[in-house]
Amino acid sequence: MPGCGSMFRSVDGVLHVEGVSVLDLVKELGSPLYVTSRGRLEENMKAYMQAFPDARLLYAVKANNNLSIMKIISRAGFGADVFSDGELYLALLAGFKPEKILFNGNSKSEEEIRMGVRAGTYFSVDSIDELHVLSEVAVEEGEEVKIAFRINPDISPETHPKISTGLRTSKFGIPWEEVANAYRLAVEMPGIVPAGIHCHIGSQILDISPFVEALNRLFDVAEVLEDMGIDVEFLDLGGGLGIDYEGKGSPTPADFAAKILPVFEERKERLNSNPELWLEPGRSIIGNTTILLTKVNAVKKAYKNFVAVDAGFNLLMRPAMYNAYHRVAIANKMDREEEEVYTIVGPICESGDVLAEDRKLPRVERGDIIAIFDAGAYGFSMSSQYNGRRRCAEVLVEGNKYYVIRERESYTDLVGKQVIPEHLLKE
Ligand SMILES: *Cc1c(COP(=O)(O)O)cnc(C)c1O
């Protein structure tokens with residue numbers, strides 16, 4: 001299995017995550033099932049920490065907000081990038097220190113702002129309206145809040161349009177020509193301390209040059225801020241480094257650092273301040289740590305060879321939403337010859353519920369277990385109960401041991417917070 005590395009391998013034709021057979025996991029815990037390799041997660045974090053020893057690394061919580069996974073990441077020394085009150089709540093619960101949390105978001109409510117101010121996070125401010133509210137709340141709470149503006153650097157990396165976030169037309173960030181005015185305003189605002197500059201140009205970016213371009217933009221702004229007398233504490237380049245979904249290779253954190261750090265050092269020399277580099281990786285920390293296991297319910301020869309499995313876009317939205325490619329394998333037939341071309345579809349009542357199209361695989365039969373690779377980022381965290389489907393369990397593997405880190409939902413979880421008015425309860 002090229003590109004799977006030592007944490008995911010075949011033993012006698014059966015896929016193992018570290019020392020654990022995935023067939024044993026499905027037998028014990030049922031299907032579908034998300035399975036995460038702690039070993040792979042540790043490798044990914046170490047790669048970042050070694051490549052960027054002086055940077056502040058903020059894990060982007062939206063990629064995967066499982067508490068056990070976030071605890072491992074916070075204990076490794078990472079901070080967190082949160083995008084909502086709920087993510088802030090979860091990040092604090094997982095042990096991330098507020099002074100290492102950046103509260104992001106283009107549409108924060110006053111309640112969310114107050115929660116961040118009370119916790120003592122940094123803020124990435126996305127609009128002047130938000131700046132006004134943040135200032136009012138900070139004064140009311142008697143706090144000084146350190147902020148960056150999220151700037152729109154007007155850069156278009158080659159990625160899917162839905163995950164390209166630094167275009168001129170994007171909803172994110174302060175427009176390039178307004179940036180200086182925004183900081184000028186912020187300097188005057190009570191309770192606000194302009195401390196950094198933030199951008200995030202997109203996700204699943206495999207070419208590093210747009211990051212270099214964005215970093216140069218951040219320094220251009222830093223020079224303007226210094227002229228205003230602002231001490232620039234940090235430059236936050238956001239997240240977005242892509243991973244190797246297709247088995248064609250992808251830049252490592254070391255490759256990323258080799259292109260970014262020389263520019264960072266060279267341009268920092270020319271400043272009076274001594275900014276820290278901040279990065280916000282999500283996908284490149286958690287994406288390739290996790291597989292989604294799903295059982296084959298039916299194989300059908302129709303317009304195509306359809307393999308109908310028990311997981312669909314309710315559990316893995318990426319193929320339907322972004323046309324994303326995930327490698328797949330038959331976990332119980334790892335050493336069989338590939339024979340036929342199959343299209344793997346989920347159980348959801350939508351034609352768009354396709355997980356993998358036209359893949360050459362060994363002969364597939366009812367009862368086989370399909371493994372979908374690289375499902376750790378934007379997998380479970382984007383899941384839903386659509387079609388009345390309960391969310392599946394999540395498992396963490398550490399060597400020969402495994403731990404259920406989220407139980408499968410029950411039918412009562414489908415009822416959730418629903419309330420039936422009295423008159424509808426009567427016969
Ligand atoms: C989504 C997001 C990230 C993480 O992006 P990845 O592609 O998962 O690394 C980082 N920063 C911000 C502001 C984001 O919105």
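Just follow the structure's listing: the first ligand is 1, and inside any ligand the first atom is 1. Positions are given from 1, in the same order as the sequence printed here. All values below come from the heavy atoms of this structure, side chains included, with hydrogens, waters and symmetry mates left out. Computed from a predicted structure; not experimentally measured.
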*Lys NZ or Arg CZ of R38 over Y403 ring: under 6.0 Å, within 45°*: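 No, R38 does not lie over the aromatic ring of Y403.
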Taking only heavy atoms of [X], which atoms of ligand 1 are found under 4.0 Å from at least one of them?
{"X": "G239", "answer": "9 (O), 10 (C), 11 (N)"}
{"X": "F83", "answer": "15 (O)"}
{"X": "N104", "answer": "13 (C)"}
{"X": "A60", "answer": "3 (C), 4 (C), 10 (C)"}
{"X": "R283", "answer": "6 (P), 8 (O), 9 (O)"}

Between [Y] and [X], is there a side-chain donor-acceptor contact under 3.5 Å, judged purely by atom types and distance?
{"X": "S273", "Y": "E226", "answer": "yes"}
{"X": "N216", "Y": "R267", "answer": "yes"}
{"X": "Y34", "Y": "R391", "answer": "no"}

Test of proximity, [X] against ligand 1: N or O pairs below 3.5 Å:
{"X": "G282", "value": "yes"}
{"X": "H198", "value": "no"}
{"X": "R150", "value": "no"}
{"X": "G240", "value": "yes"}

*Check whether any side-chain N or O of N152 sits under 3.5 Å from a backbone N or O of P175 as a donor-acceptor pair, and report yes or no.*
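Such a contact is absent between N152 side chain and P175 backbone.
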_Crowding at CD, E246 (>12 non-hydrogen neighbours, <6.0 Å)_ =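 Count over threshold, so yes.
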_Can you tell me if R75 has over 12 outside heavy atoms packed within less than 6.0 Å of its CZ?_
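Check fails, neighbour count at 12 or below.
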Among all protein non-hydrogen atoms, which one is nearest to [atom], and what is the separation to 0.1 Å?
{"atom": "atom 8 (O) of ligand 1", "value": "Y378 OH, 2.5 Å"}
{"atom": "atom 7 (O) of ligand 1", "value": "S203 OG, 2.3 Å"}
{"atom": "atom 11 (N) of ligand 1", "value": "E280 OE1, 2.5 Å"}
{"atom": "atom 1 (C) of ligand 1", "value": "K62 NZ, 1.2 Å"}

*asked:* Residue-level breakdown please: for D81 versus ligand 1, do any non-hydrogen atoms fall below 4.0 Å on the side chain, on the backbone, on both, or on neither?
replied: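 For D81, only side-chain atoms sit under 4.0 Å from ligand 1.
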_Checking M45 against I72 for the side-chain contact (heavy atoms from CB on, under 4.5 Å) test, could you report, in this order, the C-alpha distance in whole Å, the side-chain angles of both residues, the deciding distance, and whether it holds?_
CA-CA 10 Å; M45 291 191 296; I72 293 170; 3.9 Å; yes
*Does the distance from a Lys or Arg side-chain N to an Asp or Glu carboxylate O, for E394 and R406, drop under 4.0 Å?*
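Between R406 and E394 there is a salt bridge, with a charged N closer than 4.0 Å to a carboxylate O.
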